[in-house]
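Counting from 1, the numbers follow the sequence of the chain as shown.
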Amino acid sequence: MPTLQRNNQHSKGVLCILLSAFSFACMNFFVRFAGTMPFFEKVLFRNAVSLAIAGGTVLRTRASWPKEGSTWFLLLLRSVCGTVGLFSTFYALDHMVLGDASMLGELAPFATILCSFLFLRERITWKQLLFVTGAFLGCLFIVKPTGHGGDVAPYVIGVVGGIASGGAYTCVRALGKRGVAGPEVVLVFSAFSSLVILPFFIVYAVPITLGQFLCLMMVGLCATVGQFAVTAAYSFAPGREISIYEYSNVAFSALLGFLFLGQIPDRWSLAGYAIIFTMALLMFLYNKRQEPHP
(Lines give C-alpha, C1' and ligand atoms only; values in the text may rest on other atoms or scores of the structure.)
Protein backbone atom coordinates (compact mmCIF):
# COMPACT_ATOMS: atom_id res chain seq x y z
CA MET A 1 0.00 0.00 0.00
CA PRO A 2 1.48 3.40 -0.93
CA THR A 3 2.56 5.50 2.06
CA LEU A 4 0.07 8.32 1.42
CA GLN A 5 -2.88 5.92 1.11
CA ARG A 6 -1.80 4.01 4.20
CA ASN A 7 -1.51 7.24 6.22
CA ASN A 8 -4.97 8.26 5.02
CA GLN A 9 -6.45 4.92 6.15
CA HIS A 10 -4.68 5.26 9.49
CA SER A 11 -6.10 8.77 9.98
CA LYS A 12 -9.62 7.51 9.22
CA GLY A 13 -9.14 4.71 11.72
CA VAL A 14 -8.01 7.13 14.43
CA LEU A 15 -10.94 9.49 13.77
CA CYS A 16 -13.42 6.61 13.92
CA ILE A 17 -11.97 5.22 17.13
CA LEU A 18 -12.13 8.68 18.71
CA LEU A 19 -15.76 9.02 17.55
CA SER A 20 -16.49 5.64 19.10
CA ALA A 21 -14.84 6.62 22.39
CA PHE A 22 -16.75 9.91 22.49
CA SER A 23 -20.04 8.13 21.69
CA PHE A 24 -19.57 5.62 24.49
CA ALA A 25 -18.60 8.44 26.86
CA CYS A 26 -21.84 10.22 25.90
CA MET A 27 -23.71 6.96 26.53
CA ASN A 28 -22.16 6.83 30.02
CA PHE A 29 -23.14 10.44 30.61
CA PHE A 30 -26.77 9.99 29.55
CA VAL A 31 -27.05 6.87 31.73
CA ARG A 32 -26.18 9.05 34.72
CA PHE A 33 -27.98 12.19 33.51
CA ALA A 34 -31.25 10.27 33.10
CA GLY A 35 -31.56 10.53 36.85
CA THR A 36 -33.01 8.23 39.48
CA MET A 37 -34.71 5.11 38.19
CA PRO A 38 -33.97 1.38 38.42
CA PHE A 39 -30.81 0.75 36.43
CA PHE A 40 -32.43 -2.17 34.59
CA GLU A 41 -34.82 0.28 32.91
CA LYS A 42 -31.79 2.03 31.44
CA VAL A 43 -30.33 -1.29 30.31
CA LEU A 44 -33.60 -2.27 28.65
CA PHE A 45 -33.72 0.92 26.58
CA ARG A 46 -30.07 0.44 25.57
CA ASN A 47 -30.83 -3.13 24.55
CA ALA A 48 -33.92 -2.23 22.55
CA VAL A 49 -31.90 -0.28 19.98
CA SER A 50 -29.24 -3.00 19.64
CA LEU A 51 -31.91 -5.69 19.36
CA ALA A 52 -33.72 -3.82 16.59
CA ILE A 53 -30.58 -3.11 14.57
CA ALA A 54 -29.08 -6.61 14.98
CA GLY A 55 -32.43 -8.25 14.22
CA GLY A 56 -32.88 -6.16 11.08
CA THR A 57 -29.36 -7.00 9.91
CA VAL A 58 -29.85 -10.75 10.46
CA LEU A 59 -33.18 -10.71 8.60
CA ARG A 60 -31.73 -8.69 5.73
CA THR A 61 -28.69 -10.94 5.29
CA ARG A 62 -30.67 -14.14 5.94
CA ALA A 63 -27.87 -15.44 8.10
CA SER A 64 -27.57 -19.17 8.71
CA TRP A 65 -27.55 -20.13 12.37
CA PRO A 66 -24.96 -22.55 13.83
CA LYS A 67 -26.00 -26.15 14.27
CA GLU A 68 -23.35 -27.35 16.76
CA GLY A 69 -24.37 -27.54 20.41
CA SER A 70 -20.93 -26.34 21.53
CA THR A 71 -21.34 -23.16 19.46
CA TRP A 72 -24.71 -22.46 21.05
CA PHE A 73 -23.09 -23.01 24.45
CA LEU A 74 -20.53 -20.32 23.58
CA LEU A 75 -23.34 -18.00 22.47
CA LEU A 76 -25.10 -18.58 25.78
CA LEU A 77 -21.90 -18.08 27.78
CA ARG A 78 -21.16 -14.86 25.86
CA SER A 79 -24.70 -13.68 26.64
CA VAL A 80 -24.38 -14.48 30.35
CA CYS A 81 -21.00 -12.73 30.66
CA GLY A 82 -22.18 -9.80 28.57
CA THR A 83 -25.34 -9.41 30.66
CA VAL A 84 -23.35 -9.44 33.91
CA GLY A 85 -20.93 -6.91 32.40
CA LEU A 86 -23.75 -4.67 31.15
CA PHE A 87 -25.67 -4.75 34.44
CA SER A 88 -22.52 -4.08 36.45
CA THR A 89 -21.42 -1.22 34.21
CA PHE A 90 -24.79 0.54 34.29
CA TYR A 91 -25.02 0.10 38.06
CA ALA A 92 -21.52 1.54 38.48
CA LEU A 93 -22.33 4.49 36.21
CA ASP A 94 -25.28 5.34 38.48
CA HIS A 95 -23.21 5.25 41.68
CA MET A 96 -19.69 6.39 40.75
CA VAL A 97 -17.77 9.25 39.23
CA LEU A 98 -18.05 8.79 35.45
CA GLY A 99 -14.28 8.75 34.97
CA ASP A 100 -13.86 6.03 37.61
CA ALA A 101 -16.61 3.85 36.11
CA SER A 102 -15.22 4.27 32.59
CA MET A 103 -11.68 3.37 33.63
CA LEU A 104 -12.81 0.24 35.47
CA GLY A 105 -14.62 -0.75 32.28
CA GLU A 106 -11.28 -0.50 30.47
CA LEU A 107 -10.06 -3.51 32.47
CA ALA A 108 -11.88 -5.67 29.91
CA PRO A 109 -8.94 -5.96 27.44
CA PHE A 110 -6.67 -7.15 30.24
CA ALA A 111 -9.29 -9.63 31.48
CA THR A 112 -9.65 -10.88 27.90
CA ILE A 113 -5.94 -11.80 27.83
CA LEU A 114 -6.31 -13.87 31.01
CA CYS A 115 -9.55 -15.53 29.86
CA SER A 116 -8.04 -16.35 26.46
CA PHE A 117 -5.09 -17.98 28.23
CA LEU A 118 -7.28 -19.96 30.64
CA PHE A 119 -10.05 -21.06 28.27
CA LEU A 120 -8.70 -20.79 24.72
CA ARG A 121 -5.18 -21.93 25.61
CA GLU A 122 -3.73 -18.88 23.88
CA ARG A 123 -0.14 -18.12 24.80
CA ILE A 124 0.54 -15.39 27.35
CA THR A 125 4.04 -13.99 27.83
CA TRP A 126 5.55 -12.86 31.10
CA LYS A 127 5.42 -9.25 29.86
CA GLN A 128 1.70 -9.48 29.14
CA LEU A 129 1.15 -11.02 32.58
CA LEU A 130 3.12 -8.13 34.11
CA PHE A 131 0.95 -5.57 32.28
CA VAL A 132 -2.25 -7.33 33.42
CA THR A 133 -1.04 -7.40 37.03
CA GLY A 134 -0.15 -3.71 36.82
CA ALA A 135 -3.60 -2.84 35.45
CA PHE A 136 -5.36 -4.61 38.31
CA LEU A 137 -3.02 -2.88 40.76
CA GLY A 138 -4.11 0.41 39.22
CA CYS A 139 -7.77 -0.49 39.75
CA LEU A 140 -7.08 -0.82 43.48
CA PHE A 141 -6.18 2.87 43.56
CA ILE A 142 -9.62 3.62 42.13
CA VAL A 143 -11.59 1.14 44.24
CA LYS A 144 -10.12 1.33 47.75
CA PRO A 145 -9.47 5.02 48.40
CA THR A 146 -12.51 6.55 46.69
CA GLY A 147 -15.49 4.68 48.07
CA HIS A 148 -17.97 7.36 49.17
CA GLY A 149 -18.64 7.03 52.88
CA GLY A 150 -16.71 3.78 52.96
CA ASP A 151 -19.10 2.12 50.48
CA VAL A 152 -16.87 0.37 47.95
CA ALA A 153 -19.64 -1.89 46.60
CA PRO A 154 -20.18 0.13 43.37
CA TYR A 155 -16.44 0.05 42.71
CA VAL A 156 -16.23 -3.71 43.24
CA ILE A 157 -19.25 -4.15 40.95
CA GLY A 158 -17.48 -1.95 38.37
CA VAL A 159 -14.44 -4.25 38.49
CA VAL A 160 -16.71 -7.31 38.12
CA GLY A 161 -18.25 -5.62 35.07
CA GLY A 162 -14.84 -5.13 33.46
CA ILE A 163 -13.85 -8.74 34.10
CA ALA A 164 -17.20 -10.10 32.87
CA SER A 165 -16.86 -8.02 29.69
CA GLY A 166 -13.43 -9.58 29.19
CA GLY A 167 -15.04 -13.02 29.41
CA ALA A 168 -17.66 -11.95 26.88
CA TYR A 169 -14.98 -10.71 24.45
CA THR A 170 -13.18 -14.03 24.81
CA CYS A 171 -16.35 -15.87 23.78
CA VAL A 172 -16.78 -13.50 20.83
CA ARG A 173 -13.23 -14.31 19.78
CA ALA A 174 -13.96 -18.05 19.97
CA LEU A 175 -17.22 -17.61 18.05
CA GLY A 176 -15.42 -15.62 15.37
CA LYS A 177 -13.03 -18.51 14.86
CA ARG A 178 -16.07 -20.73 14.26
CA GLY A 179 -17.42 -18.38 11.63
CA VAL A 180 -20.34 -16.94 13.63
CA ALA A 181 -21.06 -13.41 12.36
CA GLY A 182 -21.27 -10.37 14.65
CA PRO A 183 -24.98 -9.57 14.13
CA GLU A 184 -25.99 -13.06 15.26
CA VAL A 185 -23.87 -12.71 18.40
CA VAL A 186 -25.33 -9.28 19.18
CA LEU A 187 -28.88 -10.48 18.51
CA VAL A 188 -28.61 -13.48 20.86
CA PHE A 189 -26.95 -11.37 23.56
CA SER A 190 -29.50 -8.54 23.30
CA ALA A 191 -32.44 -10.95 23.33
CA PHE A 192 -31.01 -12.91 26.29
CA SER A 193 -30.29 -9.85 28.42
CA SER A 194 -33.67 -8.32 27.57
CA LEU A 195 -35.43 -11.51 28.71
CA VAL A 196 -33.46 -11.44 31.96
CA ILE A 197 -34.43 -7.80 32.55
CA LEU A 198 -38.09 -8.15 31.58
CA PRO A 199 -39.42 -9.67 34.87
CA PHE A 200 -37.71 -6.92 36.90
CA PHE A 201 -39.07 -4.30 34.52
CA ILE A 202 -42.63 -5.63 34.84
CA VAL A 203 -42.52 -5.74 38.65
CA TYR A 204 -40.32 -2.78 39.59
CA ALA A 205 -40.47 -0.30 36.71
CA VAL A 206 -41.28 3.30 37.61
CA PRO A 207 -42.88 5.99 35.43
CA ILE A 208 -40.40 8.25 33.67
CA THR A 209 -40.60 11.81 32.45
CA LEU A 210 -40.26 12.96 28.86
CA GLY A 211 -36.76 14.23 29.64
CA GLN A 212 -35.73 10.84 31.02
CA PHE A 213 -37.22 9.11 27.99
CA LEU A 214 -35.16 11.34 25.69
CA CYS A 215 -32.02 10.61 27.73
CA LEU A 216 -32.64 6.87 27.43
CA MET A 217 -33.13 7.20 23.69
CA MET A 218 -29.76 8.98 23.57
CA VAL A 219 -28.22 6.07 25.52
CA GLY A 220 -29.31 3.67 22.79
CA LEU A 221 -28.34 6.04 19.97
CA CYS A 222 -24.87 6.75 21.38
CA ALA A 223 -24.24 3.05 21.97
CA THR A 224 -25.23 2.29 18.37
CA VAL A 225 -23.02 5.04 16.93
CA GLY A 226 -20.15 3.79 19.08
CA GLN A 227 -20.54 0.23 17.81
CA PHE A 228 -20.64 1.30 14.16
CA ALA A 229 -17.68 3.66 14.61
CA VAL A 230 -15.45 1.08 16.31
CA THR A 231 -16.30 -1.47 13.60
CA ALA A 232 -15.37 1.04 10.91
CA ALA A 233 -12.17 1.98 12.73
CA TYR A 234 -10.80 -1.55 12.67
CA SER A 235 -11.69 -1.89 9.00
CA PHE A 236 -9.49 1.13 8.22
CA ALA A 237 -6.47 0.22 10.36
CA PRO A 238 -5.21 -2.76 12.42
CA GLY A 239 -5.73 -2.83 16.15
CA ARG A 240 -2.02 -2.56 16.90
CA GLU A 241 -2.05 0.96 15.42
CA ILE A 242 -5.23 2.47 16.86
CA SER A 243 -6.48 0.47 19.89
CA ILE A 244 -4.75 2.78 22.38
CA TYR A 245 -7.04 5.63 21.33
CA GLU A 246 -10.00 3.78 22.87
CA TYR A 247 -8.77 5.01 26.25
CA SER A 248 -9.78 8.55 25.28
CA ASN A 249 -13.22 7.35 26.43
CA VAL A 250 -12.04 7.87 30.02
CA ALA A 251 -10.94 11.45 29.32
CA PHE A 252 -14.22 12.24 27.55
CA SER A 253 -16.26 10.71 30.40
CA ALA A 254 -14.29 12.58 33.06
CA LEU A 255 -14.72 15.86 31.13
CA LEU A 256 -18.50 15.37 30.73
CA GLY A 257 -18.77 14.47 34.40
CA PHE A 258 -16.88 17.64 35.38
CA LEU A 259 -18.75 20.02 33.03
CA PHE A 260 -22.31 18.81 33.57
CA LEU A 261 -22.32 16.84 36.85
CA GLY A 262 -19.65 18.68 38.85
CA GLN A 263 -17.64 15.48 39.37
CA ILE A 264 -13.92 15.73 40.09
CA PRO A 265 -11.85 12.52 40.40
CA ASP A 266 -9.55 12.63 43.44
CA ARG A 267 -5.79 12.10 43.40
CA TRP A 268 -6.07 8.38 44.13
CA SER A 269 -8.36 7.85 41.16
CA LEU A 270 -6.06 9.92 38.95
CA ALA A 271 -3.14 7.75 40.07
CA GLY A 272 -5.15 4.66 39.14
CA TYR A 273 -5.98 6.16 35.74
CA ALA A 274 -2.28 6.82 35.13
CA ILE A 275 -1.25 3.27 36.09
CA ILE A 276 -3.90 1.55 33.98
CA PHE A 277 -3.25 3.81 30.99
CA THR A 278 0.51 3.19 31.30
CA MET A 279 -0.07 -0.57 31.31
CA ALA A 280 -2.36 -0.20 28.27
CA LEU A 281 0.26 1.88 26.46
CA LEU A 282 2.99 -0.67 27.22
CA MET A 283 0.71 -3.49 26.05
CA PHE A 284 -0.08 -1.54 22.88
CA LEU A 285 3.62 -0.99 22.11
CA TYR A 286 4.45 -4.62 22.91
CA ASN A 287 1.69 -5.98 20.65
CA LYS A 288 2.67 -3.59 17.88
CA ARG A 289 6.21 -5.01 17.90
CA GLN A 290 4.95 -8.60 17.95
CA GLU A 291 2.48 -8.43 15.05
CA PRO A 292 3.75 -8.46 11.45
CA HIS A 293 3.35 -5.22 9.55
CA PRO A 294 1.50 -5.17 6.23
Side-chain angles (χ1 to χ4, degrees), residues 19-57 79-105 148-149 151 153-158 160-162 164-165 168 186-229 249-250 252-264:
L19 173 61
S20 170
F22 180 70
S23 297
F24 284 125
C26 288
M27 183 199 77
N28 295 346
F29 167 74
F30 282 113
V31 167
R32 185 63 176 266
F33 196 65
T36 304
M37 69 177 72
F39 76 93
F40 53 78
E41 284 193 55
K42 301 178 180 181
V43 176
L44 190 62
F45 273 86
R46 183 252 186 265
N47 271 4
V49 177
S50 296
L51 188 60
I53 293 175
T57 303
S79 299
V80 171
C81 291
T83 299
V84 172
L86 191 60
F87 282 22
S88 300
T89 298
F90 272 55
Y91 181 86
L93 287 168
D94 266 345
H95 295 83
M96 294 169 56
V97 172
L98 286 184
D100 286 9
S102 298
M103 183 53 88
L104 292 180
H148 300 292
D151 182 14
Y155 294 81
V156 174
I157 290 173
V160 170
S165 296
V186 174
L187 179 60
V188 173
F189 160 60
S190 299
F192 176 89
S193 55
S194 296
L195 287 174
V196 171
I197 296 167
L198 198 55
F200 296 95
F201 181 81
I202 293 172
V203 176
Y204 299 109
V206 299
I208 60 175
T209 65
L210 177 60
Q212 288 177 315
F213 175 78
L214 293 175
C215 281
L216 294 179
M217 288 294 97
M218 289 302 297
V219 168
L221 178 62
C222 291
T224 302
V225 171
Q227 288 289 347
F228 275 103
N249 169 35
V250 179
F252 289 136
S253 292
L255 181 60
L256 290 171
F258 172 72
L259 292 177
F260 298 103
L261 302 175
Q263 298 177 343
I264 303 177

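- The distance from atom SG of Cys81 to atom CG of Leu86, rounded to the nearest 0.5 Å, is 12.5 Å.
- Separating the CE atom in Met103 from the CG atom in Leu98 is a distance of 13.5 Å, to the nearest 0.5 Å.
- Formation of a donor-acceptor pair under 3.5 Å by the Ser102 side chain with backbone atoms of Val250 is not found in this model.
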Apply side-chain contact (heavy atoms from CB on, under 4.5 Å) to residues Leu221 and Met27 and explain how you reach the verdict. CA-CA 8 Å; Leu221 178 62; Met27 183 199 77; over 6 Å; no

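- Distance check, rounded to the nearest 0.5 Å: CZ of Phe90 to CG of Leu44 gives 10.5 Å.
- Listed by chain and residue number, Ser50 satisfy the side chain to side chain donor-acceptor pair (under 3.5 Å) test with Arg46 (two or more places apart in sequence, or in another chain).
- When all heavy atoms of Ala34 and Leu216 are compared, the closest pair comes out as CB-CD2, 4.2 Å.
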Please tabulate, for the side chains in residues 196-204, all donor-acceptor contacts under 3.5 angstrom to protein atoms that are two or more places apart in sequence or on a different chain.
none

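- With sequence neighbours excluded, no residue satisfies ring-ring contact (aromatic ring centres under 6.0 Å, His included) with Phe24.
- The two residues Thr36 and Gln212 make their nearest non-hydrogen contact at O-NE2, 3.6 Å.
- Shortest non-hydrogen contact noted between Leu93 and Ala101 is CD2-CB, 3.7 Å.
- Between the CG atom of Leu210 and the CG atom of Leu214 there is a distance of 4.5 Å, given to the nearest 0.5 Å.
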Would you please test Leu261 and Leu256 for side-chain contact (heavy atoms from CB on, under 4.5 Å) and show each step? CA-CA 7 Å; Leu261 302 175; Leu256 290 171; over 6 Å; no

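- Annotation for Ile157 and Ser88: closest pair O-CB, 3.3 Å, computed over non-hydrogen atoms.
- Taking each heavy atom of Tyr91 and Pro154 in turn, the nearest pair found is CE2-CA, 4.1 Å.
- Take Ser193 and apply the side chain to side chain donor-acceptor pair (under 3.5 Å) test, not counting sequence neighbours, and it matches Asn47.
- Taking the ring-ring contact (aromatic ring centres under 6.0 Å, His included) definition, one finds that Phe87 meets it with Phe39, sequence neighbours left out.
- Taking the six-membered ring for Trp, Phe33 and Phe260 have ring centres at least 6.0 Å apart.
- The two residues Val206 and Glu41 make their nearest non-hydrogen contact at N-OE2, 2.7 Å.
- Rounded to the nearest 0.5 angstrom, Thr83 OG1 and Phe189 CZ are separated by 5.0 Å.
- From Ile53, atom CD1 reaches atom OG1 of Thr224 across 3.5 Å, with rounding to the nearest 0.5 Å.
- For residues 79-95, the salt bridge (charged side-chain N to carboxylate O under 4.0 Å, His left out) pairs, not counting sequence neighbours, are Lys42-Asp94.
- Counting only heavy atoms from C-beta outward, the side chains of Phe45 and Val219 never approach each other to under 4.5 Å.
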Just do the side-chain contact (heavy atoms from CB on, under 4.5 Å) check on Cys222 and Phe30 with the steps written out, would you? CA-CA 9 Å; Cys222 291; Phe30 282 113; 4.2 Å; yes

